[in-house]
Amino acid sequence: MPRLTLPDGTHPELPEGEPVGGVLGPDAIAARVDGELRDLSFVPTGDVAVEPVGAVSDDGLHVLRHSAAHVLAQAVCRLWPGTRYAIGPAIDDGFYYDLAIAAHVSADDLPRIEDEMRAIVAEDQPFIREEVSRSEALARLAGQDFKREIIEDLAGEEGEVGPGDTVTLYRNDHWVDLCLGPHVPSTGRIGAFTLTSISGAYWRGDEKNPQLTRIYGTAWATRADLEAHLHRLEEAERRDHRLLGRQLDLFSSPEELGPGLWVWHPRGGVFRKQLEDWVRDLHLARGYDLVVTPHIARSVLWETSGHLAKYADNMYPPMQTDTGDYYVKPMNCPFHVLIYKSQVRSYRELPMRLSELGTIYRHERLGSLHGLLRIRGGTQDDSHIICRPDQLVDEIVAVFDLTLEIHRTFGFGDPVVNLSTLPGQTILEPEMAARATETLVTALERYGLPYTEAEGEGTFYGPKVDFHFRDAIGRLWQLTTVQCDFALPERFDMEYTGEDNKRHRPVMIHRAILGTLERFSAVLIEHYGGAFPLWLSPEQIRFVPVADRHVEHCRTLADTSRASGLRPFIDDAKESVGKKIRSAQLMKVPYIVVVGDRDIEAGTYTVRDREGIETPGVPFDQIITALGDEIAERSLEQTRFGG
RNA sequence: GCCGGCGUGGCGCAGCCCGGUAGCGCAACCGACUUGUAAUCGGUAGGUCGUCGGUUCGAAUCCGACCGCCGGCUCCA
C-alpha cells in the first residue's frame with residue numbers, strides 16, 4: 001500500500017490502485033505529486049508526497065483554464081461537426097483554442113458557443129486520461145490533421161517520446177483531445193467562465209501556415225473572481241490612452257498624416273515640455289552632454305552602421321536626391337558616433353555621454369501599430385556613452401541608478417529586469433558577444449538587481465538589459481533598455497589616444513530610459529488614468545467666476561498664478577457653476593477655484609481638488625505657495641488645504 | 001504584411017439585413033437667465049454617409065478595389 005505524505009505532515013496509506021484524489025478533500029481539482037501536477041485520478045505506485053491543488057491557486061487556475069479550453073473546443077465541435085482543433089493552452093488570466101471551424105464564425109456566435117459550453121458543464125462529464133500508443137492516438141484522432149502533425153513531431157523528438165512510445169489522450173463524453181493534462185475531474189468543476197474575443201492566428205504562429213480561428217476566454221475559481229477580473233478589464237479600458245488622449249485634448253493621429261504618426265495638441269505639448277525639460281536637466285546633472293542631429297542621412301552611414309544589412313525592413317525606403325540616396329533615421333546611434341569622430345579623442349575625454357531627444361522613424365508592421373504605444377515616428381531619450389573598457393561596468397551601473405531614480409519619480413513599482421542575449425542574426429563576433437553579455441551580468445550583480453534571462457531577444461548589435469515597470473493597476477510595461485555594444489566602435493573605426501600614446505578602441509553603451517516619449521506618455525496616461533501629478537498637468541488651476549462681474553477678478557488671480565509659474569485657466573463660458581465644475585472635473589484639472597462675491601469680499605477662496613474635496617477660507621498666496629511646493633517636489637499626491 | 005470586425009457632422013452613436021436623395025445625444029454658435037461646487041432653458045448652424053469604381057431608374061444601404069481604425073497573429077498536445 002503506498003504511503004502518502006500530506007502537507008500537514010500526516011502519512012495516510014492509500015489502498016492499492018486507489019487514486020490520490022480520495023484523500024485530498026472536496027476543494028481539490030488536481031494534485032501535486034512529488035512536485036508534478038497530476039489529475040486527482042492519478043494512482044501512485046509507491047510512496048509519494050501529495051498536495052491538494054485548489055482552484056484558487058495559480059496551479060489550480062491553470063488547470064481550470066486548460067480544462068475550459070477543452071470544453072470550448074468540444075462545444076465548437078458539437079455546434080459545427082467537422083471542426084479541426086489545433087492547440088488550446090491556458091494563458092495569463094484565461095485560455096484560448098485555435099480551431100479550423102467548418103463554418104464562418106464571428107463574435108456574434110460567441111454567446112451560442114458559451115451556451116453550448118454551459119451545457120457541457122451542466123452534464124458534468126468526467127475527464128478521462130488514457131495512455132495509448134501513437135498509432136492508436138492517430139486512429140482515435142482521425143481527420144484531426146493538426147493533432148496528427150503534433151503526434152508525428154513528438155515522435156521525432158529525442159529522448160522523452162520515441163517512436164512507438166505512448167502519448168496521452170483526454171476524453172470527456174465522446175470528445176477526445178491529445179493532451180498532457182492534468183485536468184479537473186469533471187466539466188462540472190468549471191464554474192465561472194466567459195468567452196472574450198475571437199480573432200485569427202496562424203498554425204504554429206507562422207504566416208506561411210493556414211490561418212485558424214482563435215477564440216479567447218477567461219475562467220476563474222468563483223463568479224466573484226470572474227467579475228473582479230472583468231472589472232479590471234473595464235478599469236484598463238477607462239485608462240486607455242487613446243481615449244484619454246482625445247478626451248483631454250492631448251494628441252491625435254489624423255488620417256492624412258499616415259499610420260503610426262501623431263500630432264501633439266497644445267495641452268499635450270505643454271505636458272511634453274515638462275517631461276522633456278526635466279529629463280534633459282537630469283541628464284545634464286548626471287554628466288551627460290546634449291547634442292542635436294538631423295533626421296536623415298546618406299545611405300553610406302547606414303551601410304557602415306550595419307542598419308541597411310540587418311534593419312532595412314524596419315526603415316522607410318530611401319529618398320533619391322541630387323547628392324545620392326538618403327534614409328530617415330530609425331536610430332540615433334550613427335549620428336552620435338559621427339560627433340565622437342569629429343575630433344581625435346583622448347582617454348581623458350572618456351566617458352563621453354552624448355544625449356539627445358532624437359526623433360526616429362521606423363516602418364513597423366502595419367498591424368502592430370497601437371496608439372502611442374507602437375508608432376512609426378517618435379522621439380527617444382537616447383544616449384550613447386562612449387568609454388574605455390575598464391569604465392564600462394561603472395557606466396552601466398550609473399545608468400541603472402538613473403533609471404531607478406527616474407521611475408521612482410513617477411511612482412512605478414519595483415522593476416522586473418530582463419537580460420536579453422544575442423539573437424541568431426548579429427553583426428558581432430562570438431567573442432565580442434560573450435564579452436558584452438558578461439559585462440552586463442557583472443553590472444547587474446554589482447548593482448544587486450535580480451534579473452531573468454531572455455534568450456535571443458537582444459538586438460543585432462548586442463545584448464541588452466530591459467526594465468519593466470509595474471503601473472497603478474498592476475500591468476508591466478517595458479520602458480528602459482540598456483545595450484552594450486562592441487560592434488559599432490569597430491565598424492566606425494572609433495578610437496581614442498590612451499595614456500600610453502597608443503590608439504585604442506572605445507566601447508559604446510546605448511540606453512533609453514523612458515524609451516520613446518510617445519510611448520512613455522501613453523504609459524503615464526494609463527498609469528495615472530489621465531489625472532497627472534501637478535507638475536505634468538497641462539492645466540493646473542481653473543478659475544470659475546460665479547457671474548460675469550467676477551471675471552475681472554479671476555483675471556487678476558490667473559495673472560498672479562501665471563507670474564508664479566502656474567498654468568491657470570479661466571472658464572468664463574455662459575454656463576452654470578455646476579456645469580463648469582463638471583467640465584473641469586472631466587478634464588481632470590487638479591484644482592478648481594470658484595470665485596464669487598463672498599470670496600472677493602473675504603479675500604480668501606475655496607479650493608476644490610480632484611477628489612471633489614472643498615476647503616474654504618484659503619488665502620490666495622497660500623494656494624500659490626502650496627502649488628509651487630507640490631510642483632517643485634513633483635508630488636504624486638494633491639495638497640490637502642484643510643491641513 | 002496576414003486574418004477578422006469596423007469606418008455616417010468635432011466626439012459618441014442610430015439608420016444598412018428588406019435600396020427610394022440622412023437622424024439622436026454631446027460639443028460649437030446665438031439668445032434669455034447672472035447663477036456658489038459634476039449637466040439652466042430656448043434657438044441656429046454643421047454631414048455629397050472613408051475613397052474610387054460597379055450593379056440599379058435610383059446606393060449610406062448591394063458588389064469590388066484601395067485607404068484608415070480596432071482586435072489577434074509569442075507563451076509549444
Side-chain angles (χ1 to χ4, degrees), chain A residues 66 69-70 73 85-92 95-98 104-108 137 141 144 146-154 157 161 167-170 176-181 196-216 240 242-243 246-247 249 252-261 313 363-371 454 456-457 542 544-551 572-587 589 592-599 605-610 612-616:
Chain A
H66 187 192
H70 273 234
Y85 35 106
I87 56 166
I91 52 173
D92 286 349
F95 59 90
Y96 67 78
Y97 215 113
D98 281 350
H104 178 76
V105 171
S106 73
D108 298 338
L141 289 161
Q144 292 297 335
F146 299 112
K147 296 297 175 187
R148 194 189 62 232
E149 216 179 299
I150 294 165
I151 293 169
E152 282 166 359
D153 275 11
L154 286 173
E157 275 176 28
V161 189
V167 298
T168 51
L169 299 182
Y170 273 82
V176 183
D177 197 358
L178 175 72
C179 180
L180 272 179
T196 49
S197 66
I198 184 165
S199 68
Y202 297 100
W203 168 233
R204 301 194 150 167
D206 187 335
E207 61 188 69
K208 289 192 279 293
N209 286 335
Q211 180 119 20
L212 305 171
T213 302
R214 174 171 295 182
I215 299 176
Y216 282 91
D240 191 314
R242 295 166 299 181
L243 187 71
R246 189 178 300 126
Q247 279 171 3
D249 195 17
S252 62
S253 175
E255 201 178 318
E256 295 88 328
L257 276 182
L261 303 172
D313 284 352
H363 199 256
E364 302 282 356
R365 285 159 78 106
L366 243 193
S368 68
L369 301 177
H370 180 91
E457 299 288 309
R542 182 173 293 196
V544 175
V546 171
D548 290 348
R549 64 179 180 279
H550 307 123
V551 171
D572 59 356
K574 292 176 181 173
E575 289 291 350
S576 67
V577 170
K579 177 64 174 293
K580 288 193 262 192
I581 296 286
R582 179 180 151 81
S583 47
Q585 292 278 151
L586 289 175
M587 289 303 278
V589 175
I592 303 167
V593 175
V594 176
V595 179
D597 292 333
R598 294 204 302 255
D599 313 283
Y605 303 86
T606 301
V607 184
R608 181 189 170 108
D609 65 19
R610 277 191 185 120
I613 298 169
E614 292 166 37
T615 311

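Below, read A as the first sequence line, B as the second, and so on, with proteins coming before strands; counting in each chain starts at 1. The model shown is predicted, which means the values in this text are computed figures rather than measured ones.
For His66(A) against Cys179(A), the heavy-atom pair with the smallest separation is CE1-SG, 3.2 Å.
Side chain of Leu366(A), nearest nucleotide from U40(B), G68(B), C76(B): G68(B). The side chain of Tyr202(A) approaches C73(B) more closely than any other nucleotide in the set C67(B), G71(B), C73(B). Out of G71(B), U37(B), G68(B), the shortest distance to the side chain of Ile581(A) is found at U37(B). Here the side chain of Val594(A) is nearest to one of G72(B), U37(B), C11(B), namely U37(B). Counting only heavy atoms from C-beta on, Arg582(A) has its side chain closest to A39(B) among C73(B), A39(B), U40(B).
For a distance-only test at 3.5 Å, the side chain of Asp599(A) qualifies as a donor-acceptor partner of the base of G36(B). Contact of Arg365(A) with G1(B) (side chain to base): a donor-acceptor pair of N or O atoms is detected under 3.5 Å.
Rounded to a whole angstrom, the distance from the C1' atom of G68(B) to that of G31(B) is 41 Å. Going from the C1' atom of C17(B) to that of C33(B) covers 48 Å, rounded to whole Å.
For Asp92(A) and G72(B), the CG to P distance is 14 Å, given to the nearest whole Å. Summarising the geometry, the separation between CG on Asp98(A) and P on C75(B) is reported as 8 Å, rounded to the nearest angstrom. G68(B) atom P lies 10 Å from atom CG of Leu369(A), rounded to whole Å.
Within the 4.0 angstrom heavy-atom criterion, only backbone atoms of the sugar-phosphate kind lie near Tyr96(A); the bases stay farther away. In this structure, Gly596(A) reaches the bases: a heavy-atom distance under 4.0 Å links it to at least one base atom across the strands shown. Residue-level contact check: Ser253(A) touches neither bases nor backbone, having no heavy atom under 4.0 Å from any strand. Residue contacts shown for Ile87(A) are limited to sugar-phosphate atoms, with no base heavy atom under 4.0 Å away.
With contacts defined as side-chain heavy-atom distances shorter than 4.5 Å, the pair Ile150(A)/Arg204(A) qualifies.
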message: Base contacts versus sugar-phosphate-only contacts with protein, heavy atoms under 4.0 Å: please encode nucleotides 24-34 of chain B as B, S and - from 5' to 3'.
response: ---S---S--B

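Pairing for C24(B) goes to G12(B), judged as Watson-Crick or G-U wobble with the two contacts each under 3.5 Å. As the counterpart of C69(B), G5(B) is assigned, both hydrogen-bonding distances of the Watson-Crick or G-U wobble pattern falling under 3.5 Å.
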